[in-house]
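In this text, all values refer to a predicted model and were calculated from it rather than measured experimentally. Just the heavy atoms: all of them, side chains too, but no hydrogens, waters or symmetry mates, feed the values below.
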Amino acid sequence: DQQVKQNSPSLSVQEGRISILNCDYTNSMFDYFLWYKKYPAEGPTFLISISSIKDKNEDGRFTVFLNKSAKHLSLHIVPSQPGDSAVYFCACLQASKLTFGTGTRLQVTL
Amino acid sequence: EAQVTQNPRYLITVTGKKLTVTCSQNMNHEYMSWYRQDPGLGLRQIYYSMNVEVTDKGDVPEGYKVSRKEKRNFPLILESPSPNQTSLYFCASSLPPGLAGGLWQFFGPGTRLTVL
């Protein structure tokens, strides 16, 4: 049973616009929530995280929102740039275990 | 340069032939982990290790073994590979999860394994 889901396999956004990537989870015991970015032929790289006691965390163009009651996580990228084109994974941490979502491929077009 | 290295990067093998994928990190991290990435399934954790001689199962441990005899190394062993283990494998390391820095898992470049 998939505890962490990213229901949109792909997303296309124009350069300069906002990209919104979504993630849903079922386990209310997760402590931290993270976003990773992955380019082809490379390992994932950490992007941003949020603790379960917060509802928003911002780092430059990237903002992560957490809605615990809805068990929903989202990543906003503003403004989107062509270099943001990659696969984005959300991940949820409980104790020492990290559970990843299925990924969303973001394409930022000119 | 801080890095996680994996070898080999690509491997084609046959069913039943034992193989080992090595993973090494130079950041003195306590925590190391193995994941496999499959289309439509994302990354799934195979095994993780909190420190030397301490390992535990992730979500998909069947058919895999690991060992952690040294802090820097965390090899993944497939005793009798089968075609359903054809996948892209990633090793990662970090400080202990739960510490602020522990969220910054560093991933290796991946090993693409094909089992015929």
Are A/Ser10 and A/Arg105 close enough that a side-chain donor and a side-chain acceptor fall under 3.5 Å? no
Is a side-chain donor-acceptor pair under 3.5 Å present for A/Gln94 with A/Asn27? yes
Under 4.5 Å from any heavy atom of chain B, what part of A/Ala41 do you find: side chain, backbone, both or neither? backbone
Residues passing the ring pair (Phe, Tyr, Trp, His ring centres under 6.0 Å) test with A/Phe100, sequence neighbours excluded, are A/Tyr36, B/Tyr35
Just to verify, what does A/His76 make a ring pair (Phe, Tyr, Trp, His ring centres under 6.0 Å) with, not counting sequence neighbours? A/Phe65
Salt bridge check, A/Asp84 against A/Arg61: does any charged N sit closer than 4.0 Å to a carboxylate O? yes
B/Gln6 portion near chain A, given a 4.5 angstrom heavy-atom threshold: neither
Electrostatic pair B/Lys65-B/Glu79, nearest N-O below 4.0 angstrom: yes
Counting a contact as any heavy-atom pair under 4.5 Å apart, which residues of residues 106-116 of chain B contact chain A? B/Phe107, B/Gly108, B/Pro109
Compare every heavy atom of B/Val66 with every heavy atom of B/Trp34, then report the nearest pair and how far apart it is. CD1-CG1, 4.1 Å
Between B/Arg44 and chain A, which part of the residue has a heavy atom less than 4.5 Å away: side chain, backbone, both or neither? neither
Choice from B/Val4, B/Asp59, B/Asp38 maximising heavy atom contacts with chain A below 4.5 Å: B/Asp59
Given a strict heavy-atom distance threshold of 4.5 Å, which part of A/Pro44 is in contact with chain B: side chain, backbone, both, or neither? both
Could you give all pairs that pass the disulfide bond (SG atoms under 2.5 Å apart) test and reach residues 44-110 of chain A, with sequence neighbours left out? A/Cys23-A/Cys90
